[in-house]
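If you're wondering where the values come from, they're calculated on a predicted model, not measured in any experiment. Values below: every heavy atom of this structure, side chains too, minus hydrogens, waters and symmetry copies. Letters go in sequence order (proteins before strands), and every chain restarts at 1.
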Amino acid sequence: MWARAHAEGKRISPFVVVICFRLFLLSTLTIMATGPAQAATANVAVAANFRGVLAEIARLFMQHSGHEIVISSGSTGKLYTQIRYGAPYDVFLAADQTRPAALIRQGVAVAGSRFTYARGKLVLYSRDAGLTDRLAHKLKQGHWTRLAMANPLIAPYGRAGQQVIEKITDLRFDHLVAKGRILQADNITQAYQFAMTGHADMAFVALSQVKTGEGGDYWIIPETHYDPVLQDAVLLRRGAENPAATAFLEYLKDERTRSLIRGYGYEMVGQDRTVTEN
Amino acid sequence: MWETIFLTIKLACVSTVFLLLIGTPLAWWLSRTESVWREVVAAVVALPLVLPPTVLGFYLLLALGPDSPLGGAAEALFGHTLAFRFEGLVIGSILYSLPFVVQPIRNAFQAMGPGPMEAAATLGAGPWDRFFSVALPLARPGMITAAVLGFAHTMGEFGVVMMIGGNIPGETRVLSIAIYDYVEALEWEKAHYLSAGMVVFSFVVIMAMMVIGRKLRRGPV
């Protein structure tokens, strides 16, 4: 079989060589025309709620710049711990402000690089359709068996969910946890998945997730019920000299990117409100 | 913290009892049968050795959910599904630790050979009597090894619990999950206590295994 293929290959080889050469030439020229002098790769650690949006932004960015973006997602707390202990990321897109600020204080992130890229919105999701109006009522009255949320200790959206329960219901959060009525997920994506598979009646998730997901219903929780989820991005020291990392952060501030982020269900704070107090 | 430790030990105890109840007849069948299905069944039992725990966790999440026939039946029977409950973790642990229990018992039954059972038969003992008064006592070192391994393996389970646990104190928050949470939340002091405890525990288990192994080589007690 090898011999036959080899013989056939020999017969058509002049064409193959020419075509290959042309393709090679074409691709080299294309890269040279559109890409930067040197394409680099940036590793981006992202809070789970923003993962879907980031994938889209990264796709556009890679087309636009020729740089490569590698995405890792998890809870903000988990990624923070990993970064603090040397995880090889160049950029950190957190779901809060405290952890990026802490990384700057510890010298792990570049001072002055922190800025708010989105303000997240919390929703209460249920996989049963047609519940929108009743979800708030159900939550308040405790008409549910189990509720899924990200672990409040390590995930800002989990903390926001805890605040909502404490603010608008008479239920004690620690009682609910002790009674097994709160399913604590490792991150917000897992919380969503617990409710999607029917293991929990409802889940606190991000608006961006239910917007891209399918089925079910959700209640957008008024932002007076929880502290604003301001999501900060920061350049990590490891990525300080990485052209892909710095270009990506600039791209994240671009007006077109910001309107794309808005389209996924995030609010934006004032244009380029870069935080520099650290 | 004590609640977590107690829960983990409880999970390991309950799982070990079920593992021995299921594993012993299975190992007996595997060591005696001439069926063509023998190696197929042995391979299925051994699957968790190779499969990532996440595969098991993923399938259990779906299988125990309200949409599946199994989860639906559990819901009709108990009024709730089994995932994110202690019972669900027991099911997961049994599947996950089964090879660690079946293999040593099967080896013990095989090492015994057909001799003792035939001798007992000629003395007029019935099949059940032979199994309980000849086979089981002879296989005791294998059974002990199996119990220790099943217990220890369940104590250290993480991946499956991560996917079908939900981190509920007193119900599904076992040691490995608690350690993971403490590390992620930077509460390293607590993580240290539990982790050091696990190191000591694992050392004791391995030592016990070696002692039992030596006894096994010397012949059944």
Looking only at heavy atoms, which two atoms of [X] and [Y] are closest? And how far apart?
X: B:G65; Y: A:H199; answer: CA-CE1, 3.2 Å
X: A:Q190; Y: B:M163; answer: NE2-CA, 4.1 Å
X: A:T197; Y: B:P66; answer: O-CD, 3.5 Å
X: B:E184; Y: A:T81; answer: O-OG1, 2.9 Å
X: A:Q184; Y: B:N167; answer: O-CB, 3.5 Å

Close side-chain approach of B:E187 to A:L153, heavy-atom, < 4.5 Å: yes
Max heavy-atom pair count under 4.5 Å with chain B, selected residue of A:A185, A:G180, A:G74, A:G77: A:G180
Against chain B, label [X] side chain, backbone, both or neither, depending on which of its atoms sit under 4.5 Å from a heavy atom there.
X: A:R84; answer: side chain
X: A:A178; answer: backbone
X: A:R99; answer: neither

If you count heavy atoms of other groups shown closer than 6.0 angstrom to [atom1] of [X], is the number above 12?
X: B:F201; atom1: CZ; answer: yes
X: B:F18; atom1: CZ; answer: no
X: A:R181; atom1: CZ; answer: yes
X: A:Y85; atom1: OH; answer: yes
X: B:Y59; atom1: OH; answer: no

B:L61 CG to A:Q193 CD distance, which is reported to the nearest 0.5 Å: 5.5 Å
B:M162 side, atom CE; A:D186 side, atom CG - distance, nearest 0.5 Å: 3.5 Å
Salt bridge flag under 4.0 Å for residues A:K78 and B:D181: no
